[in-house]
Amino acid sequence: MFDLIIGFIVAGVLMVAEYLLCTKLKSPLWGGIIPLLILGGTIFVFASGKVPMETRYLFPFVVVNTLFLGNWGTGRDKYKKLQQTELEKMKAKDI
């Protein structure tokens with residue numbers, strides 16, 4: 001039970017860090033570091049045989065990868081919207 005709580009805390013911290021990297025930095029690659037590392041780790045764990053390729057083990061990895069990759073896309077969309085509103089504010093002050 002304690003391991004599960006620690007896992008949720010670590011995942012939460014990583015999601016916050018990824019969100020900040022996606023929305024604050026110009027390059028989309030910075031926000032993609034964490035999801036790509038998680039995807040690479042997942043592939044390594046299953047390819048090395050450390051975890052068997054069964055549905056009950058595979059499902060949590062799929063969920064985590066989906067959440068992080070989705071968070072990356074959402075963060076980039078928010079970054080683009082923030083840039084657009086900033087551009088509109090600058091145009092409004094110019095007129």
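- Note: Glu86 CD to Lys89 NZ = 6.0 Å, rounded to the nearest 0.5 Å.
- Shortest non-hydrogen contact noted between Cys22 and Gly31 is SG-CA, 3.6 Å.
- Applying the side chain to side chain donor-acceptor pair (under 3.5 Å) test to residues at least two apart or on different chains, the pairs with a partner in residues 11-28 are Tyr19-Lys78.
- By the criterion of side-chain heavy atoms lying less than 4.5 angstrom apart, applied directly or through intervening Ile, Leu, Val, Met, Phe, Trp or Tyr residues, Val62 is grouped together with Tyr57 in one hydrophobic cluster.
- With values rounded to the nearest 0.5 angstrom, Asn71 atom CG is found 11.0 Å from Leu14 atom CG.
- Here the straight-line distance linking atom CG of Leu69 with atom OG1 of Thr74 works out to 10.5 Å at 0.5 Å rounding.
- The line from CG of Leu21 to CZ of Arg76 is 10.0 Å long, rounded to the nearest 0.5 Å.
- One hydrophobic cluster holds both Val63 and Val10 under the rule that ILVMFWY side chains link at heavy-atom gaps under 4.5 Å.
- Looking at Ile5 and Phe8, their side chains never come closer than 4.5 Å, going by heavy atoms from C-beta outward.
- Looking only at distances, no side-chain donor or acceptor of Trp72 sits under 3.5 Å from a matching main-chain atom of Ile34.
- Tracing side-chain contacts under 4.5 Å through hydrophobic residues (I, L, V, M, F, W, Y), one never reaches Val13 starting from Trp30; they form parts of separate clusters.
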For residues 37-52, which side-chain donor-acceptor pairs fall under 3.5 Å, sequence neighbours excluded?
from	atom 1	to	atom 2	distance (Å)
Thr42	OG1	Ile38	O	2.8
Thr42	OG1	Asn65	ND2	3.2
Ser48	OG	Phe44	O	2.9
Ser48	OG	Val45	O	3.3

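- Considering CG of Asp3 and CE of Met1, their distance stands at 10.5 Å, rounded to 0.5 Å.
- Transitive grouping of hydrophobic side chains (ILVMFWY, heavy atoms separated by less than 4.5 Å) brings Leu67 and Val64 into a common cluster.
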